[in-house]
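This structure is a prediction, so every number in the text was calculated from the model and none was measured.
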Amino acid sequence: MDNIAVIMPIYNRVDQAISALARLRATAGVACRFIAVGGSGQTDNLKQIVRAERDVIALTSSTRYRLTYWEALQYATAKLPTILTGTVLTASVASDVLPAMHWLQRAVQWHQEHRNDDYMVGFNGDGWPDYHACHFLLSVSRLHSLGGWPVWYDHNYGDTELCIRANELGRFYKHPWAILYHDHPVHGGVSDDVYAIGNHSISRDAQLFQQRRNQRWMQ
């Protein structure tokens, strides 16, 4: 079995993150390493998370006060060789997810059954069509083939770009029973300052997405 890293970017919401990590661990159904990551402005929050969930690995950027969602994923992925050995599968999760039983085990099992094709496996439960998922499991090598974590977006459209690019390669599969419910204001969740920051960048991220898509994802 490949080593599995579940990465959760942290930006405030410390109580919610602690609760989410406990649920994710209890329902994963397969051994994995949970990594919480943020900028230096999240140092105290990350310490609280580790005190509550001692098996969680906390990673903090010493040079950036705030990491965007995608920058946090990139930062943690770059550190994976110092945490795990061998072939690594990584799953991206946010602090506002509600997992169903065996959410991770089902995605990992499907990936293993199709190992030679190295799919990006989307988690279900977010209300999007079969060609899109907000959170997903993929190998580091597949991530690199898709251009890496899309740090050029502040928050929005990074998942959209990755899903489209994986679909273009014929290497995207959205697992119907690997479920992470996205407890988001769009789906009835409570709004907060984190969502406000993300909403502030929607227009800019949307414009960048269309530009990149028109240019066939050229930097």
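In this structure a side-chain-to-backbone donor-acceptor pair under 3.5 Å is missing from Gln112 to Gln109. With hydrogens and angles ignored, the 3.5 Å screen pairs no side-chain donor or acceptor of Thr77 with any backbone N or O of Gln74. Although no hydrogens or angles enter the test, the distance criterion places no donor-acceptor pair under 3.5 Å between the side chain of Lys174 and the main chain of Ala133.
Between Phe136 and the choices Asp159, Leu180, Val121, the side-chain contact (heavy atoms from CB on, under 4.5 Å) rule is met once, by Asp159.
Aromatic pair Tyr69/Trp149: ring centres not closer than 6.0 Å.
Nearest heavy-atom pair across Leu46 and Leu59 is CD1-O, 3.6 Å. The two residues Val14 and Gln48 have their closest heavy-atom pair at CG2-CB, 3.9 Å. For the pair Glu71 and Leu67, the tightest heavy-atom approach, listed with the atom from each and the gap, is OE1-CA, 3.6 Å.
The pair Arg66-Asp154 meets the salt-bridge criterion, with a side-chain N (NZ, NE, NH1 or NH2) lying under 4.0 Å from an Asp/Glu carboxylate O. Arg171 and Asp117 are joined by a salt bridge, as a carboxylate oxygen and a charged side-chain nitrogen come within less than 4.0 angstrom of each other. At a threshold of 4.0 Å, the pair Glu168-Arg216 counts as salt-bridged, since one of the basic side-chain nitrogens sits closer than that to a carboxylate oxygen.
Met120 CE to Ser92 OG: the interatomic distance, rounded to the nearest 0.5 Å, is 7.5 Å.
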Show the atom names and distances, to 0.1 Å, of all donor-acceptor pairs under 3.5 Å that link a side chain in residues 27-36 to residues at least two apart or in another chain.
residue	atom	partner	partner atom	Å
Thr27	OG1	Arg23	O	2.7
Thr27	OG1	Trp103	NE1	3.2

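Residue-environment remark: CD (Gln207) stays at or below the threshold of 12 foreign heavy atoms within 6.0 Å.
Shown here are the side-chain hydrogen bond (donor to acceptor under 3.5 Å, both in side chains) partners of Ser40, two or more places apart in sequence or in another chain: there are none.
Listed by first then second residue, pairs satisfying ring pair (Phe, Tyr, Trp, His ring centres under 6.0 Å) with a partner in residues 70-102 number zero, not counting sequence neighbours.
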